[in-house]
Amino acid sequence: MNTALELERAALALSAELAGMPFAPPVSHVYNPLEYAWAPHAAYLQRFGQGPKKVVFVGMNPGPFGMVQIGVPFGEVAAVRDWMGIVAPVQRPASENPKRPIEGFECTRSEVSGRRLWGLFAQRFGTAEAFFAEHFVANYCPLAFFDQGRNLTPDKLPVAEQGPVLAACDRHLRRLVEVLEPEWVIGVGAWAEGRAKIALAGMPVRFGRVLHPSPASPAANRGWAEAATAQLQALGIWA
């Protein structure tokens, strides 16, 4: 099986399923980087989605200066461009949020979560190829939701709006795990771990979590890389 091609097909199916889902105020804008930033996302899958993998990390949804800009999970621009070697054209969403313009690889704001995540992996493994030999990073939900300039995470949506989104994302995560056959699925944060356990119930995988690297987390700001490394070592994933 061409795992990268299967991941592309799964991502396109998820994108199509999510397209046009209605969201009421306070949601003012919805971004789907699988549409306007498909070129770098596809490059990420093609280059690093060759399976199987031992560990799949699952994040929540795109950050405004990361995947929202360039289509790669936790996509801090410098890490994707310089460490992964991915640069590709990014279009503009159909309805652009003036308070969150899409600048693609020209974005000068750093996605702190991505800088911490990919920075740890680069420090530990050296090259992207060495990390991705046994690891992969995905986002549970590819959509970013905004209340004007404020980021809204999927868990803040009303239950009636969450339902169809979560159902589609559950199906996609199951397919991703079927394709990559990991031993471990690690939630980046408690919410992602919880969704993974629901989506993958009955599948032969083990679950764990690492602290979310968000700058909104005081614990992460006290030394995220050390905390995440300790958590992965306690699980027996890293030596």
Minimal non-hydrogen separation, [X] against [Y], with atom names:
| X | Y | result |
| --- | --- | --- |
| A11 | L45 | CB-CD1, 4.3 Å |
| W191 | P154 | CH2-CB, 4.1 Å |
| E6 | V179 | CB-CG2, 3.8 Å |
| P40 | V90 | CG-CG2, 3.9 Å |
| T229 | L120 | OG1-CD1, 3.5 Å |

If hydrophobic clusters are built from ILVMFWY residues whose side chains come within less than 4.5 Å, do V137 and L211 share one? yes
Sidechain-backbone polar pair: [X] side chain, [Y] backbone, donor-acceptor under 3.5 Å:
| X | Y | value |
| --- | --- | --- |
| R47 | G85 | yes |
| E183 | K54 | no |
| E76 | S110 | no |
| R109 | G66 | no |
| Y31 | I102 | no |

Just say parallel, tilted or perpendicular for the rings of F132 and Y44, cut-offs at 30° and 60°. perpendicular
Parallel, tilted or perpendicular for F57 and F121, by the 30°/60° rule? tilted
Does F125 have its ring centroid less than 6.0 Å away from the ring centroid of W83? no
Does the ring centre of W238 sit less than 6.0 Å away from the ring centre of F131? no
Short side-chain donor-acceptor distance under 3.5 Å, N32 and S15: yes
I'd like to know if the side chain of E103 pairs up with that of Q69 as donor and acceptor (distance under 3.5 Å, no hydrogens or angles considered). no
CG (L152) and CZ (F23) are apart, to the nearest 0.5 Å, by 11.0 Å
Just wondering, are more than 12 heavy atoms of other shown residues or ligands nearer than 6.0 Å to CZ in R124? yes
